[in-house]
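These numbers were taken from a predicted model, which means no experiment stands behind them. Numbering of residues begins at 1 and proceeds along the displayed sequence.
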Amino acid sequence: MSKKLNIEKSLISKSLPIIILIDILILPYFPIFIIPFSLPIVLILNLLTVKQSVREEYFLLFLIVTVMISISILIGLFTYDRSEYLLENLKRGLQLITTFSYFFYYRYILKTIDISFKSVFLVFVIYFTVLSILFMINPNYLVDLKMLIYKSSANRIEDIFYNYRFSYMFTDPNTAGYLYAIVVIFMLYNMNLKLVEKLVTILSVPINLIAIQSNALLLIFLMILGFEIINFIIYKKRVSKTQIITVGISLILIYTLFAQYKTTITPYLDYFFSRIQNVSSDNKEGRLDRYILTLKNFTPYLWGEGYILLINGNIFKPHSDHFRMIYSYGIVAYLGILKFFFNNMFKGKRYFFLIPAIVAFSINTLIDEQKLLALFLILLSYSLIVDKKNMLGEKNEKNISV
């Protein structure tokens with residue numbers, strides 16, 4: 001009997017993280033409260049396992065950030081008289097704080113169980129790319145999908161016809177681009193992909209670049225390509241046959257696809273190139289002007305004034321999590337978040353998935369879209385645990401050799 005219970009427990013432990021990942025990547029938000037379906041489950045599981053995390057550095061950073069967010073909301077209420085925005089400040093503060101639960105849950109579970117995300121990621125890439133192709137053929141397909149499934153972003157349907165940019169389940173196409181980029185880059189540098197799997201992943205990139213039409217997404221993949229070229233020049237590594245075959249077949253398939261669907265793709269290419277030439281076309285005042293306005297109107301303190309920022313009584317969005325964290329929650333919370341998120345930025349190719357995250361954090365937002373942040377924290381947790389296991393394996397090998 002006990003053996004049967006252990007088997008069932010093991011199956012639940014292995015399947016639940018996969019189900020949660022599917023929820024983050026594919027399922028819609030909960031319709032009443034805009035949260036992932038998996039969030040309440042992850043929060044409960046964290047409460048049951050909190051003792052395992054208390055002594056870790058990451059938990060201390062989390063506590064510091066949580067305290068500073070709470071203090072900032074209270075300061076916004078009593079010092080800046082933001083009572084009318086109290087509900088929004090609380091909602092946004094809780095959204096950020098609770099999303100960390102994904103990090104700690106996966107950190108706990110991955111310490112004892114080896115789980116592969118490859119199948120889920122491949123399904124997501126194929127699903128995402130098929131939707132983007134359908135969108136380019138007829139944008140009404142995305143409208144119908146949002147009305148039927150992804151209802152949380154259905155209130156901005158008019159933007160689809162105004163911009164003709166694929167936004168997946170989100171209101172902002174850039175968010176869709178960051179989510180996709182994090183998954184693809186993580187797959188390419190952290191998973192053993194077969195030739196067909198690599199081809200599917202690489203082939204999806206130009207298709208989704210055109211459909212999403214994000215300058216930031218283009219920048220991310222150009223950065224990755226640049227790093228690879230520099231790495232090749234410096235270390236003069238030999239190119240394997242598999243790499244040559246992968247690139248060759250990818251180029252042939254891309255050319256064939258573009259030739260076959262030229263009339264469908266050309267309008268999107270034209271608009272994409274026009275966006276590249278005018279980087280601030282989707283922002284009348286431009287990001288730089290907005291950042292200057294932020295610096296002129298706000299003063300950094302150890303604490304902040306709550307999520308809602310005002311200029312002359314009007315709600316102001318800084319379009320950068322650097323400014324959002326500094327002025328909404330204070331310098332202490334900002335430094336804590338930076339260390340938590342990007343401390344491993346320069347630890348090799350395995351952490352290249354941090355590039356789209358830092359780009360989102362810098363020129364759009366990583367913290368405001370709960371599913372995007374949850375995915376990032378899940379993969380950060382995964383990478384840290386893999387590193388720790390690798391280090392322990394190396395130590396054991398040394399001890400054996402001695």
Side-chain angles (χ1 to χ4, degrees), residues 24-25 29 34 36 65 92 95-96 99-100 102-103 121 124-125 128 132 153 156 159 163 165-189 205 208-209 211-224 226-227 275-276 279-280 282-283 286-288 290-291 294 307 309 317-329 333-346 351-383:
I24 296 299
L25 290 173
Y29 280 107
I34 310 301
V65 170
R92 290 291 188 171
Q95 176 185 306
L96 178 54
T99 310
F100 281 93
Y102 286 94
F103 175 88
F121 282 170
F124 165 74
V125 168
F128 189 97
S132 70
S153 60
R156 294 280 296 275
D159 290 352
N163 295 315
R165 299 175 63 195
F166 178 64
S167 56
Y168 188 42
M169 70 170 78
F170 307 106
T171 55
D172 186 356
N174 290 313
T175 305
Y178 294 132
L179 186 86
Y180 165 78
I182 288 173
V183 170
V184 166
I185 293 169
F186 185 87
M187 287 174 69
L188 291 173
Y189 291 101
V205 173
N208 290 308
L209 274 171
I212 296 168
Q213 299 185 42
S214 168
N215 295 309
L217 188 61
L218 178 62
L219 173 66
I220 288 162
F221 283 110
L222 286 176
M223 287 171 69
I224 296 294
F227 285 135
R275 281 181 52 77
I276 293 169
V279 175
S280 61
D282 60 343
N283 191 339
R287 280 193 177 85
L288 184 59
R290 185 174 286 268
Y291 297 158
T294 306
Y307 179 84
L309 299 173
K317 296 180 180 180
H319 281 283
S320 171
D321 286 343
H322 293 285
F323 291 128
R324 171 67 70 193
M325 287 302 305
I326 290 170
Y327 298 118
S328 290
Y329 303 125
Y334 169 65
L335 294 176
I337 284 280
L338 282 186
K339 185 170 177 58
F340 198 113
F341 288 0
F342 306 117
N343 194 46
N344 298 282
M345 190 78 193
F346 304 104
Y351 286 94
F352 270 8
F353 72 93
L354 269 66
I355 293 173
I358 191 78
V359 172
F361 193 90
S362 300
I363 63 173
N364 288 106
T365 180
L366 177 67
I367 65 172
D368 278 357
E369 192 63 60
Q370 196 163 27
K371 286 201 171 195
L372 177 63
L373 180 57
L375 172 71
F376 169 70
L377 289 172
I378 289 168
L379 297 187
L380 179 62
S381 176
Y382 180 95
S383 299

Using side-chain heavy atoms (C-beta onward) and a distance below 4.5 Å, is [X] in contact with [Y]?
{"X": "Leu380", "Y": "Phe103", "answer": "yes"}
{"X": "Ser328", "Y": "Leu309", "answer": "yes"}
{"X": "Ile367", "Y": "Phe361", "answer": "yes"}
{"X": "Leu188", "Y": "Phe352", "answer": "no"}
{"X": "His322", "Y": "Thr294", "answer": "no"}
{"X": "Tyr29", "Y": "Gln370", "answer": "yes"}
{"X": "Tyr329", "Y": "Val65", "answer": "no"}
{"X": "Leu366", "Y": "Leu372", "answer": "yes"}

Residue pair Asp368 / Tyr307, side-chain donor-acceptor N/O under 3.5 Å: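 Their side chains do contain a donor-acceptor pair, which is all the 3.5 Å distance test asks for.
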Between Tyr180 and Tyr168, ring centroids under 6.0 Å: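 Ring centres of Tyr168 and Tyr180 not closer than 6.0 Å.
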Pair Phe323 and Tyr291, ring centroids less than 6.0 Å apart: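 Aromatic pair counts; centres sit under 6.0 Å.
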CG on Leu179 to CG on Leu217, rounded to 0.5 Å: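 Between Leu217 CG and Leu179 CG, I get 11.0 Å after rounding to 0.5 Å.
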Any donor-acceptor pair under 3.5 Å from Ser320 side chain to Ser362 backbone: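 Side chain of Ser320 to backbone of Ser362: a pair is present.
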Any donor-acceptor pair under 3.5 Å from Ser381 side chain to Leu377 backbone: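 Between the backbone of Leu377 and the side chain of Ser381 there is no qualifying donor-acceptor contact (under 3.5 Å).
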Aromatic plane relationship, Phe376 with Phe342 - under 30° parallel, 30 to 60° tilted, over 60° perpendicular: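 If you compare the ring of Phe342 with that of Phe376, the planes turn out tilted.
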Residues in side-chain contact (heavy atoms from CB on, under 4.5 Å) contact with Val183, at least two apart in sequence or another chain: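 side-chain contact (heavy atoms from CB on, under 4.5 Å) list for Val183, sorted by chain: Leu25, Phe121, Phe124, Val125, Met187, Leu375.
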Partners meeting salt bridge (charged side-chain N to carboxylate O under 4.0 Å, His left out) with Lys317 (sequence neighbours left out):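 For Lys317 there are no salt bridge (charged side-chain N to carboxylate O under 4.0 Å, His left out) partners, ignoring immediate neighbours.
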